[in-house]
Amino acid sequence: MTQRCIAIASGKGGTGKTTLALNLALCAGQGVQLLDCDVEQPNAHLFGPSEPVHETPVVLEVPAIEPALCTGCGACAALCRFNAIAVVKRQAMVFPELCHACGGCALACPTAAITQQERVIGRVERRTLAGFPLVTGRLAVGHPAAPPVIHATRDHARGQLVLIDAPPGTSCAAAAAIRGVDHVVLVTEPTPFGLHDLRLAVDMARQLALSLSVVVNRSDVGDSRVRDWCASEAIAIIGEIPYDQRLAEAHAHGLPAVSAIPALAEQFHSILDRLDATSPTGGVTR
(Lines give C-alpha, C1' and ligand atoms only; values in the text may rest on other atoms or scores of the structure.)
Protein backbone atom coordinates (compact mmCIF):
# COMPACT_ATOMS: atom_id res chain seq x y z
CA MET A 1 0.00 0.00 0.00
CA THR A 2 1.41 3.36 -1.03
CA GLN A 3 1.36 5.92 1.75
CA ARG A 4 1.15 9.67 1.23
CA CYS A 5 2.06 12.09 3.99
CA ILE A 6 0.87 15.69 3.84
CA ALA A 7 1.78 18.25 6.47
CA ILE A 8 -0.43 21.21 7.33
CA ALA A 9 1.83 24.02 8.53
CA SER A 10 1.96 27.80 8.88
CA GLY A 11 4.36 30.60 9.64
CA LYS A 12 2.35 31.76 12.64
CA GLY A 13 -0.25 30.52 15.07
CA GLY A 14 -3.97 31.10 14.67
CA THR A 15 -4.16 30.77 10.90
CA GLY A 16 -6.42 27.71 10.93
CA LYS A 17 -4.04 24.73 10.60
CA THR A 18 -6.09 22.46 12.81
CA THR A 19 -9.32 23.56 11.12
CA LEU A 20 -7.90 22.55 7.75
CA ALA A 21 -6.24 19.31 8.90
CA LEU A 22 -9.28 18.11 10.84
CA ASN A 23 -11.81 18.85 8.12
CA LEU A 24 -9.62 17.37 5.39
CA ALA A 25 -9.46 14.19 7.46
CA LEU A 26 -13.23 14.18 7.87
CA CYS A 27 -13.72 14.57 4.11
CA ALA A 28 -11.01 12.14 3.00
CA GLY A 29 -12.88 8.94 3.81
CA GLN A 30 -11.35 5.58 4.63
CA GLY A 31 -7.60 5.16 4.94
CA VAL A 32 -6.90 8.61 6.41
CA GLN A 33 -5.02 9.19 9.65
CA LEU A 34 -4.43 12.48 11.46
CA LEU A 35 -1.27 13.08 13.50
CA ASP A 36 -1.44 16.09 15.84
CA CYS A 37 2.23 17.04 16.04
CA ASP A 38 1.63 20.45 17.65
CA VAL A 39 2.84 18.73 20.79
CA GLU A 40 3.15 21.82 22.97
CA GLN A 41 -0.54 22.62 22.54
CA PRO A 42 -2.42 19.83 20.71
CA ASN A 43 -6.10 20.52 20.16
CA ALA A 44 -7.50 18.21 17.46
CA HIS A 45 -8.71 15.85 20.19
CA LEU A 46 -11.06 18.55 21.50
CA PHE A 47 -13.40 17.74 18.60
CA GLY A 48 -13.98 14.18 19.77
CA PRO A 49 -13.85 11.91 22.82
CA SER A 50 -11.83 13.33 25.67
CA GLU A 51 -10.07 10.11 26.73
CA PRO A 52 -7.43 8.37 24.59
CA VAL A 53 -7.76 4.68 23.88
CA HIS A 54 -4.04 4.06 24.37
CA GLU A 55 -1.08 6.05 25.71
CA THR A 56 2.63 5.45 25.12
CA PRO A 57 5.27 7.37 27.09
CA VAL A 58 8.05 9.11 25.20
CA VAL A 59 11.34 8.44 26.93
CA LEU A 60 14.82 9.89 26.51
CA GLU A 61 17.94 8.32 27.95
CA VAL A 62 19.89 11.05 29.71
CA PRO A 63 23.28 10.73 31.42
CA ALA A 64 23.74 10.02 35.12
CA ILE A 65 27.12 10.61 36.77
CA GLU A 66 28.68 8.22 39.26
CA PRO A 67 30.61 10.61 41.56
CA ALA A 68 33.03 7.95 42.77
CA LEU A 69 34.20 7.29 39.21
CA CYS A 70 34.17 10.85 37.85
CA THR A 71 37.61 12.50 37.76
CA GLY A 72 36.35 15.84 36.46
CA CYS A 73 38.44 15.58 33.31
CA GLY A 74 35.82 17.48 31.29
CA ALA A 75 35.79 15.17 28.25
CA CYS A 76 32.00 14.84 28.44
CA ALA A 77 31.41 18.58 28.74
CA ALA A 78 33.78 19.31 25.86
CA LEU A 79 31.89 16.91 23.62
CA CYS A 80 28.34 18.12 24.40
CA ARG A 81 27.14 20.66 21.83
CA PHE A 82 24.12 21.57 23.94
CA ASN A 83 25.91 22.41 27.21
CA ALA A 84 23.96 19.71 29.02
CA ILE A 85 27.05 18.82 31.10
CA ALA A 86 29.31 21.14 33.06
CA VAL A 87 32.29 20.43 35.30
CA VAL A 88 32.23 22.25 38.62
CA LYS A 89 34.95 21.70 41.22
CA ARG A 90 36.26 18.63 39.38
CA GLN A 91 32.82 17.02 39.25
CA ALA A 92 30.54 16.67 36.21
CA MET A 93 26.98 17.96 36.54
CA VAL A 94 24.10 17.08 34.19
CA PHE A 95 21.33 19.47 33.09
CA PRO A 96 18.79 16.94 31.76
CA GLU A 97 16.48 19.56 30.23
CA LEU A 98 19.24 20.43 27.76
CA CYS A 99 20.18 16.86 26.89
CA HIS A 100 19.43 15.58 23.37
CA ALA A 101 20.14 11.94 24.32
CA CYS A 102 22.92 11.35 21.79
CA GLY A 103 24.90 9.16 24.19
CA GLY A 104 28.22 10.69 23.17
CA CYS A 105 29.18 11.71 26.69
CA ALA A 106 29.16 8.10 27.89
CA LEU A 107 31.42 7.10 25.01
CA ALA A 108 33.80 9.98 25.73
CA CYS A 109 34.16 9.27 29.46
CA PRO A 110 37.51 7.54 30.09
CA THR A 111 36.46 6.12 33.48
CA ALA A 112 32.96 4.83 32.57
CA ALA A 113 31.45 7.22 35.11
CA ILE A 114 28.41 7.96 32.92
CA THR A 115 25.42 5.67 32.60
CA GLN A 116 22.04 6.33 30.99
CA GLN A 117 18.76 6.72 32.85
CA GLU A 118 15.27 7.05 31.38
CA ARG A 119 13.42 10.36 31.56
CA VAL A 120 9.79 10.66 30.43
CA ILE A 121 9.39 13.81 28.36
CA GLY A 122 5.88 13.34 26.97
CA ARG A 123 3.40 10.83 25.64
CA VAL A 124 1.65 9.72 22.47
CA GLU A 125 -2.11 9.24 22.66
CA ARG A 126 -4.18 7.19 20.23
CA ARG A 127 -7.94 7.46 19.82
CA THR A 128 -10.64 7.29 17.16
CA LEU A 129 -12.16 10.61 16.12
CA ALA A 130 -15.27 10.64 13.91
CA GLY A 131 -14.33 7.28 12.41
CA PHE A 132 -10.65 7.88 11.65
CA PRO A 133 -7.55 7.32 13.82
CA LEU A 134 -6.10 10.36 15.58
CA VAL A 135 -2.62 10.23 17.09
CA THR A 136 -1.77 13.06 19.47
CA GLY A 137 1.70 13.94 20.70
CA ARG A 138 1.85 15.72 24.04
CA LEU A 139 5.03 17.27 25.44
CA ALA A 140 5.45 17.10 29.22
CA VAL A 141 4.93 20.42 30.98
CA GLY A 142 8.20 22.24 31.49
CA HIS A 143 10.21 20.22 28.98
CA PRO A 144 11.76 22.41 26.26
CA ALA A 145 12.52 19.85 23.53
CA ALA A 146 9.53 19.06 21.31
CA PRO A 147 11.22 17.18 18.40
CA PRO A 148 11.60 13.79 20.19
CA VAL A 149 7.86 13.75 20.95
CA ILE A 150 7.10 14.78 17.37
CA HIS A 151 9.31 11.95 16.06
CA ALA A 152 7.54 9.48 18.34
CA THR A 153 4.16 10.71 17.07
CA ARG A 154 5.23 10.35 13.45
CA ASP A 155 6.42 6.83 14.16
CA HIS A 156 2.72 5.91 14.53
CA ALA A 157 1.90 6.83 10.91
CA ARG A 158 -0.14 3.95 9.51
CA GLY A 159 -2.75 5.47 7.19
CA GLN A 160 -2.87 5.41 3.43
CA LEU A 161 -3.21 9.19 3.66
CA VAL A 162 -1.42 10.66 6.69
CA LEU A 163 -2.22 14.26 7.57
CA ILE A 164 0.15 16.02 9.99
CA ASP A 165 -1.02 19.03 11.98
CA ALA A 166 2.38 20.71 12.46
CA PRO A 167 3.42 23.27 15.08
CA PRO A 168 3.22 26.90 13.95
CA GLY A 169 6.28 28.90 12.98
CA THR A 170 9.67 27.85 11.66
CA SER A 171 11.35 26.46 14.77
CA CYS A 172 13.05 23.07 15.16
CA ALA A 173 9.66 21.63 16.15
CA ALA A 174 8.03 22.76 12.91
CA ALA A 175 10.94 21.43 10.86
CA ALA A 176 10.77 18.07 12.66
CA ALA A 177 7.06 17.78 11.87
CA ILE A 178 7.35 18.44 8.14
CA ARG A 179 10.75 16.99 7.28
CA GLY A 180 10.53 14.29 4.61
CA VAL A 181 6.78 14.57 3.94
CA ASP A 182 5.41 14.31 0.43
CA HIS A 183 3.83 17.75 0.40
CA VAL A 184 3.34 20.76 2.69
CA VAL A 185 0.18 22.88 2.74
CA LEU A 186 0.89 26.27 4.28
CA VAL A 187 -2.15 27.97 5.80
CA THR A 188 -2.10 31.74 5.82
CA GLU A 189 -4.39 34.74 5.98
CA PRO A 190 -4.46 37.77 3.65
CA THR A 191 -2.88 40.26 6.05
CA PRO A 192 0.58 41.86 6.31
CA PHE A 193 1.45 39.59 9.25
CA GLY A 194 0.16 36.59 7.33
CA LEU A 195 2.36 37.40 4.34
CA HIS A 196 5.43 38.06 6.50
CA ASP A 197 5.19 34.70 8.24
CA LEU A 198 4.19 32.87 5.06
CA ARG A 199 7.49 33.97 3.51
CA LEU A 200 9.37 32.42 6.43
CA ALA A 201 7.41 29.17 6.19
CA VAL A 202 7.96 28.93 2.43
CA ASP A 203 11.69 29.43 2.96
CA MET A 204 11.72 26.63 5.56
CA ALA A 205 9.89 24.24 3.22
CA ARG A 206 12.24 25.08 0.37
CA GLN A 207 15.31 24.59 2.58
CA LEU A 208 13.95 21.11 3.28
CA ALA A 209 13.37 20.51 -0.45
CA LEU A 210 9.63 19.96 -0.05
CA SER A 211 6.87 20.60 -2.54
CA LEU A 212 4.33 23.07 -1.19
CA SER A 213 1.09 24.87 -1.79
CA VAL A 214 -1.00 27.43 0.07
CA VAL A 215 -4.51 27.66 1.50
CA VAL A 216 -5.81 31.13 2.34
CA ASN A 217 -8.06 31.17 5.40
CA ARG A 218 -10.45 34.04 6.09
CA SER A 219 -9.88 34.81 2.44
CA ASP A 220 -12.37 37.68 2.20
CA VAL A 221 -10.58 39.71 4.89
CA GLY A 222 -7.48 41.82 4.22
CA ASP A 223 -5.89 42.52 0.86
CA SER A 224 -4.38 40.84 -2.21
CA ARG A 225 -0.70 40.88 -1.20
CA VAL A 226 -0.60 37.19 -0.27
CA ARG A 227 -2.12 36.19 -3.62
CA ASP A 228 0.18 38.55 -5.53
CA TRP A 229 3.28 37.21 -3.76
CA CYS A 230 2.27 33.57 -4.33
CA ALA A 231 1.78 34.33 -8.01
CA SER A 232 5.23 35.95 -8.22
CA GLU A 233 6.78 32.87 -6.55
CA ALA A 234 4.83 30.36 -8.67
CA ILE A 235 3.19 28.92 -5.55
CA ALA A 236 -0.23 27.36 -6.11
CA ILE A 237 -3.12 28.50 -3.94
CA ILE A 238 -5.19 25.32 -3.74
CA GLY A 239 -8.03 26.67 -1.62
CA GLU A 240 -9.60 29.74 -0.08
CA ILE A 241 -11.88 29.57 2.96
CA PRO A 242 -13.97 32.70 3.59
CA TYR A 243 -14.59 34.11 7.04
CA ASP A 244 -17.74 32.73 8.63
CA GLN A 245 -18.77 33.50 12.19
CA ARG A 246 -20.70 30.23 12.30
CA LEU A 247 -17.41 28.37 12.01
CA ALA A 248 -16.01 30.11 15.10
CA GLU A 249 -19.24 29.37 16.97
CA ALA A 250 -19.01 25.72 15.96
CA HIS A 251 -15.46 25.47 17.24
CA ALA A 252 -16.54 26.99 20.56
CA HIS A 253 -18.93 24.03 20.88
CA GLY A 254 -16.35 21.44 19.79
CA LEU A 255 -17.87 20.90 16.33
CA PRO A 256 -15.80 20.61 13.13
CA ALA A 257 -16.60 23.05 10.34
CA VAL A 258 -18.06 20.46 7.96
CA SER A 259 -20.41 19.23 10.69
CA ALA A 260 -21.68 22.70 11.52
CA ILE A 261 -21.72 24.04 7.95
CA PRO A 262 -22.17 21.09 5.54
CA ALA A 263 -21.82 23.38 2.51
CA LEU A 264 -18.12 23.84 3.41
CA ALA A 265 -17.45 20.18 2.68
CA GLU A 266 -17.29 20.97 -1.03
CA GLN A 267 -14.38 23.34 -0.44
CA PHE A 268 -12.41 20.77 1.54
CA HIS A 269 -13.11 18.08 -1.07
CA SER A 270 -11.80 20.51 -3.70
CA ILE A 271 -8.58 20.98 -1.71
CA LEU A 272 -8.17 17.20 -1.46
CA ASP A 273 -8.63 16.94 -5.22
CA ARG A 274 -5.95 19.56 -5.78
CA LEU A 275 -3.64 17.72 -3.41
CA ASP A 276 -4.16 14.51 -5.38
CA ALA A 277 -2.93 16.38 -8.43
CA THR A 278 0.07 18.03 -6.78
CA SER A 279 1.43 15.56 -4.20
CA PRO A 280 4.05 12.99 -5.17
CA THR A 281 3.84 9.56 -3.62
CA GLY A 282 6.40 8.10 -1.29
CA GLY A 283 7.12 6.79 2.16
CA VAL A 284 6.98 8.77 5.39
CA THR A 285 10.40 9.64 6.77
CA ARG A 286 11.78 11.81 9.50
Side-chain angles (χ1 to χ4, degrees), residues 5-10 12-55 123-139 153 156-168 177 185-191 194 213-222 237-276:
C5 186
I6 297 174
I8 314 299
S10 67
K12 61 186 286 292
T15 59
K17 286 187 301 80
T18 301
T19 296
L20 180 63
L22 177 65
N23 287 280
L24 288 179
L26 286 168
C27 293
Q30 292 185 345
V32 68
Q33 181 189 39
L34 177 58
L35 307 183
D36 192 345
C37 288
D38 189 1
V39 300
E40 294 180 73
Q41 196 172 10
N43 58 359
H45 66 284
L46 298 177
F47 295 89
S50 59
E51 297 299 325
V53 174
H54 187 270
E55 293 187 7
R123 64 183 187 269
V124 177
E125 304 169 350
R126 288 183 287 165
R127 51 168 62 80
T128 298
L129 178 68
F132 65 83
L134 168 65
V135 182
T136 301
R138 193 179 297 275
L139 184 68
T153 305
H156 285 77
R158 300 290 185 273
Q160 185 175 357
L161 171 62
V162 177
L163 298 174
I164 294 178
D165 186 3
V185 178
L186 298 174
V187 186
T188 189
E189 53 194 19
T191 65
S213 56
V214 167
V215 167
V216 182
N217 194 20
R218 295 184 281 272
S219 58
D220 50 350
V221 177
I237 296 177
I238 63 171
E240 298 195 15
I241 303 171
Y243 173 79
D244 193 323
Q245 185 172 330
R246 295 176 298 168
L247 196 155
E249 293 171 351
H251 280 192
H253 290 89
L255 296 175
V258 294
S259 299
I261 313 170
L264 281 177
E266 182 178 348
Q267 296 187 37
F268 291 106
H269 279 294
S270 175
I271 293 171
L272 286 169
D273 290 341
R274 295 287 301 274
L275 286 172
D276 284 340

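No experiment lies behind these values; they were computed from the predicted model shown.
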Donor-acceptor contact present, side-chain Gln33 to main-chain Gly159, <3.5 Å:
yes
Distance col, row Leu272:CG vs Leu161:CG, nearest 0.5 angstrom, shows 7.0 Å
Restricting to non-hydrogen atoms, name the atom on Thr153 and the atom on Gly137 that form the minimum distance, rounded to 0.1 Å.
OG1-CA, 3.2 Å
CG on Leu264 to CD on Glu266, rounded to 0.5 Å:
10.0 Å
What distance separates Leu22 CG from Leu163 CG, expressed to the nearest 0.5 Å?
10.0 Å
Would a 4.5 Å heavy-atom cut-off, applied to side chains only, mark Asn217 and Thr15 as touching?
no
Between Asp36 and Ala44, is there a donor-acceptor pair closer than 3.5 Å when you use the side chain of the first and the backbone of the second?
yes
Ignoring hydrogens, what is the shortest heavy-atom contact between Glu249 and His253? Give both atom names and the distance.
O-ND1, 2.8 Å
Pro168 side chain near Asp38 side chain, heavy-atom distance below 4.5 Å:
yes
Contact check, side chains of Leu134 and Thr128, non-hydrogen atoms, under 4.5 Å
no
Presence of salt bridge, Arg138 and Glu55, under 4.0 angstrom
no
Heavy-atom donor-acceptor pair, Lys17 side chain to Ala166 backbone, under 3.5 Å
yes
Indicate the atoms forming the closest heavy-atom contact of Asn23 with Ala257, along with that distance.
OD1-N, 3.2 Å
Checking side-chain contact (heavy atoms from CB on, under 4.5 Å) between Val215 and each of Ile8, Ile238, Ile237, which is the one that passes?
Ile238
When every non-hydrogen atom of Thr136 is compared with those of Pro42, the smallest separation belongs to CG2-CB, 3.5 Å
Might you point out which heavy atoms bring Ser10 and Val187 nearest each other, and give the distance in Å?
CB-O, 3.3 Å
Using the side-chain contact (heavy atoms from CB on, under 4.5 Å) rule, take Ile241 and Gln267 through it: C-alpha gap first, then chi angles, then the decisive distance, then the call.
CA-CA 8 Å; Ile241 303 171; Gln267 296 187 37; 4.1 Å; yes
With distance as the sole test, does Asp220 use its side chain to make a donor-acceptor pair with the main-chain N or O of Pro242 at under 3.5 Å?
no
Rounding to 0.5 Å, atoms CZ (Arg246) and CD1 (Ile261) come to a distance of 4.5 Å
For Gly48 against Leu129, the heavy-atom pair lying closest together:
CA-CD1, 3.0 Å
Spacing of Thr19 atom OG1 and His251 atom NE2 [to the nearest 0.5 Å]:
3.5 Å
Would you please test Thr18 and Asp165 for side-chain hydrogen bond (donor to acceptor under 3.5 Å, both in side chains) and show each step?
CA-CA 6 Å; Thr18 301; Asp165 186 3; 2.6 Å; yes
Got a second to check how far Leu34's CG is from Phe47's CZ, nearest 0.5 Å?
11.0 Å
